[in-house]
Amino acid sequence: MNLGGGGCSELRSRHCILSWERLHWWLLHRHPQLCFPFGQEGQMIISLPESCLLTTDTVIRSYLGAYITKWKPPPSPLLALCTFLVSEKHAGDRSLWKPYLEILPKAYTCPVCLEPEVVNLLPKSLKAKAEEQRAHVQEFFASSRDFFSSLQPLFVEAVDSIFSYSALLWAWCTINTRAVYLRPRQRECLSAEPDTCALAPYLDLLNHSPSVQVKAAFNEETHSYEIRTTSRWRKHEEVFICYGPHDNQRLFLEYGFVSVHNPHACVYVSREILVKYLPSRDKQMDKKISILKDHGYIENLTFGWDGPSWRLLTALKLLCLEAEKFTCWKKVLLGEVISDTNEKTSLDIAQKICYYFMEETNAMLQKVSHMKDEKEALINQLTLVESLWTEELKVLRASAKTLHRLQTAFT
Ligand SMILES: C[S@@+](CC[C@H](N)C(=O)[O-])C[C@H]1O[C@@H](n2cnc3c(N)ncnc32)[C@H](O)[C@@H]1O
């Protein structure tokens with residue numbers, strides 16, 4: 001959120017600024033206690049009264065409440081929120097929430113919204129998650145259609161045309177990219193899934209920066225959702241909050257963007273790649289892999305800005321253990337050095353994997369670049385994917401440098 005011009009380009013358009021001002025006016029008019037003190041370290045950035053939050057309580061108190069209470073099995077909290085958003089958007093000028101709905105993005109860039117040919121260009125681990133996300137939303141839509149049909153008495157138009165897949169997708173992305181967390185509540189008329197999401201107008205204009213520190217939570221004493229910062233902000237500077245210590249794949253998956261110079265950025269190493277560079281003759285390989293699995297060392301192996309993660313190096317050290325040293329595997333997991341040979345071999349393999357990823361990343365960047373020339377309609381989606389690969393390449397280059405330095409200690 002920019003507290004005085006500049007900032008996020010989405011907000012710079014005349015239309016957005018007008019809507020934003022209208023939202024500001026709307027909130028202050030309804031809730032004069034809304035607070036925006038800012039600037040000082042440790043101070044409140046924003047405090048939003050409970051009555052400004054859009055929660056399942058808002059939905060149940062609305063004209064949808066009777067339909068939700070009647071429906072069996074009870075709809076999920078997420079379905080209640082999505083239904084309300086779609087219905088209120090459809091109401092247009094008649095909606096009390098219009099000033100808020102007007103400033104929401106019309107479309108999103110989470111992987112579920114990307115064209116399949118763009119999803120195909122994502123790193124493998126992210127592609128799998130993107131496909132899961134798409135299947136999840138499709139299933140959410142399919143399983144909600146009967147409930148939507150029950151709402152027909154509320155509308156003149158056919159509910160199928162109002163609660164379409166694209167409308168539900170928009171609502172799902174709105175919640176997924178903008179909701180704040182509330183402590184779980186349980187309502188009898190809703191299913192047992194966690195009811196923890198709330199939309200927080202105004203507060204959800206704040207963009208993410210990985211390098212700021214904030215505390216965000218609902219304050220039970222003031223009955224407000226509060227964000228406090230431990231960072232300092234100058235007048236006219238864009239104020240950021242931190243959505244969490246997320247790497248770029250997670251930011252892309254959950255929020256549809258990539259953070260440049262993200263300190264949490266990393267490149268994931270899959271089990272297949274890990275073993276591809278190990279000696280195929282090792283008779284103890286299956287045993288070693290099963291030890292890694294049992295101790296949770298087969299996942300979340302990464303390259304980061306500081307080189308291979310401790311987990312990746314530990315996994316490699318165990319996989320490279322000489323046959324006669326195999327009994328020392330527990331010591332490896334505890335971080336002990338077994339031998340110079342083991343240290344050196346694992347670093348060499350880490351370097352080979354790192355170079356392999358750099359080549360693959362360069363090849364993907366070329367592919368994306370060709371596609372940008374050919375498919376102009378997909379330029380925004382492709383640019384996003386390109387920025388993800390570009391950031392991964394930067395991480396790999398940094399990792400390769402660190403590895404080179406570590407390897408020289410053994411020459
Ligand atoms: C809670 S909203 C933040 C406000 C949003 N920019 C807006 O104009 O309404 C979260 C969305 O903002 C965008 N966003 C947040 N931080 C960003 C950043 N550092 N760079 C690019 N986009 C960002 C992403 O699209 C994300 O899904």
Side-chain angles (χ1 to χ4, degrees), residues 1-24 26-27 36 45-46 48 52-54 81 85 89 97-114 118 126 129-130 133 137 169-182 196-214 216-217 225-227 229 231 233 237-265 380-381 383-388 390-391:
M1 185 194 300
N2 191 295
L3 300 170
C8 182
S9 59
E10 282 172 74
L11 295 178
R12 264 186 238 130
S13 78
R14 176 103 186 107
H15 171 76
C16 268
I17 289 169
L18 282 175
S19 303
W20 195 74
E21 280 169 357
R22 209 176 306 149
L23 175 69
H24 188 136
W26 176 73
L27 278 167
F36 309 103
I45 299 177
I46 184 165
L48 197 67
C52 287
L53 299 175
L54 197 171
L81 287 172
L85 278 180
K89 196 175 183 209
W97 292 87
K98 186 182 174 216
Y100 176 54
L101 296 171
E102 269 186 342
I103 59 112
L104 292 177
K106 305 283 172 274
Y108 290 92
T109 49
C110 310
V112 64
C113 304
L114 302 184
V118 178
L126 182 58
K129 287 185 185 143
Q133 193 180 60
V137 178
L169 177 63
W170 170 82
W172 187 89
C173 289
T174 300
I175 308 276
N176 212 44
T177 61
R178 310 180 77 85
V180 294
Y181 178 86
L182 295 183
T196 52
C197 288
L199 285 171
Y202 217 110
L203 189 145
D204 67 0
L205 289 171
L206 292 161
N207 281 331
H208 165 83
S209 164
S211 51
V212 300
Q213 288 192 351
V214 289
Y225 195 93
E226 296 176 352
I227 297 188
T229 178
S231 310
W233 304 98
E237 220 178 15
E238 180 169 358
V239 174
F240 290 93
I241 58 170
C242 180
Y243 299 172
H246 303 319
D247 63 60
N248 277 333
Q249 294 200 9
R250 173 97 189 265
L251 286 175
F252 198 152
L253 186 71
E254 304 287 354
Y255 301 96
F257 75 97
V258 169
S259 176
V260 178
H261 306 309
N262 181 357
H264 311 291
N380 290 341
Q381 297 189 6
T383 303
L384 195 55
V385 174
E386 189 175 46
S387 65
L388 180 68
T390 305
E391 289 308 300

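In listed order, ligands and their atoms are each counted from 1.
- Annotation: Arg178 places an N or O atom under 3.5 Å from an N or O atom of ligand 1; distance criterion only.
- Between Leu199 and Leu81, every side-chain heavy-atom pair lies at or beyond the 4.5 Å cut-off.
- Of all the atoms in ligand 1, the ones that sit under 4.0 Å from a non-hydrogen atom of Leu205 are 3 (C), 4 (C), 9 (O).
- A heavy-atom distance below 4.5 Å is not found between the side chains of Ile241 and Thr229.
- Side-chain contact between Phe252 and Val385 is present, with at least one heavy-atom pair separated by less than 4.5 Å.
- Counting heavy atoms under 4.0 Å from ligand 1, residue Ile103 does not touch it at all.
- In terms of N/O distances under 3.5 Å, ligand 1 is approached by His208.
- In this structure, the side chain of Trp170 engages the main chain of Pro105 through a donor-acceptor pair within 3.5 Å.
- Judged by the shortest distance from any of its heavy atoms, Tyr108 lies outside the 4.0 Å radius around the atoms of ligand 1.
- Nearest-residue assignment for atom 23 (C) of ligand 1 (options Phe257, Tyr255, Phe240; heavy-atom criterion): Phe257.
- The shortest distance between side-chain heavy atoms of Ser259 and His246 does not fall below 4.5 Å.
- Close approach to Thr177 involves these atoms of ligand 1, each under 4.0 Å from a residue heavy atom: 1 (C), 10 (C), 27 (O).
- Near Asp204, meaning under 4.0 Å from one of its heavy atoms, ligand 1 places the atoms 1 (C), 2 (S), 3 (C), 4 (C).
- Asn176 places none of its side-chain heavy atoms less than 4.5 Å from the side chain of Tyr108.
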